[in-house]
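Predicted model only: the values in this text are computed from it and were never measured. Values below: all heavy atoms of this structure, side chains included; hydrogens, waters and symmetry mates excluded. First listed ligand is number 1; within each ligand, the first listed atom is number 1.
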Amino acid sequence: MEEALEAGVTPILAVGMEQASSERALELREKYPAALRVAVGLHPSEIPSLEAEELRAELAFVEQTLRDADALGEVGLDYRDAVDEEQRQRQRQALRQQLEWAEHERKPLSMHCRRAEHEIVDLATQFVQRTALGVNLHWFTHSEKLAHVCGEKGIYISPGPSILSSEPQASVARSIVPGYLLVETDSPVEFGGEPARPAWARKVAQALADLRGESLESLAQRLQENVERYLRST
Ligand SMILES: [Zn+2]
């Protein structure tokens with residue numbers, strides 16, 4: 001957090017994977033109330049290994065804490081980690097349930113997606129249409145075409161450090177609609193052999209500014225407006 005603030009990275013959305021990490025994020029917000037926003041949620045990749053009772057407990061935790069959080073996340077679908085139709089069904093069911101709570105509590109979403117791109121874009125579109133709340137598809141570098149569709153539907157996308165080394169992902173990031181662009185680091189996921197750090201958002205923003213042919217200052221200004229609009233709950 002200190003390093004990120006020093007780099008001018010704020011506000012930061014800290015997302016939960018399950019109860020333990022959601023609780024840590026909520027605790028951290030007490031220390032950085034101005035700079036940190038928190039999403040609580042049950043990540044789809046956690047679901048296949050959970051027993052039915054554990055799954056119920058995890059979801060109950062989300063239901064109980066969502067009101068105090070700033071957003072719901074990460075939630076979504078991960079069909080790489082759900083190996084069969086039964087597991088995919090459990091992910092869909094958990095996602096549907098969490099989206100209902102988010103709608104009820106008026107919370108924006110941070111969504112995760114792997115090998116379920118069209119399904120997630122459809123769900124995100126419906127959520128935006130029903131609620132007018134913010135939805136971000138994190139690290140969504142599927143295709144330039146879907147990046148355009150997201151912009152038309154009012155869905156945010158946050159590219160991360162992968163654009164520093166992947167030409168195809170950089171090219172998708174370049175085509176994200178300006179008013180729906182955010183940045184992320186997905187810390188502490190590893191890039192180039194080391195865990196990403198939140199302060200890296202600055203170099204991701206710099207790379208985006210270069211790709212899009214604008215100054216870091218003008219991009220940073222827009223990112224600031226976008227993130228405030230995305231996290232707004234009314
Ligand atoms: Zn994710």
- prompt: Under 3.5 Å, is there a donor-acceptor pair between the R90 and Q93 side chains?
  reply: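 Short answer, no.
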| said: For the residue pair W200 / S187, report whether a side-chain donor-acceptor contact shorter than 3.5 Å exists. | reply: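 The answer is no; no qualifying pair exists.
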Is it true that some N/O/S atom of [X], main chain or side chain, lies under 2.8 Å from the Zn ion (ligand 1)?
X	value
H112	yes
E74	yes
H138	yes

**Q.** For A82 against R88, the heavy-atom pair lying closest together
**A.**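 For A82 and R88, the tightest heavy-atom pair comes out as O-NE, 3.3 Å.
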**OP:** Any chance you could measure I163, atom CD1, to T141, atom OG1, to the nearest 0.5 Å?
**Re:**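 I163 atom CD1 to T141 atom OG1 measures 10.0 Å (nearest 0.5 Å).
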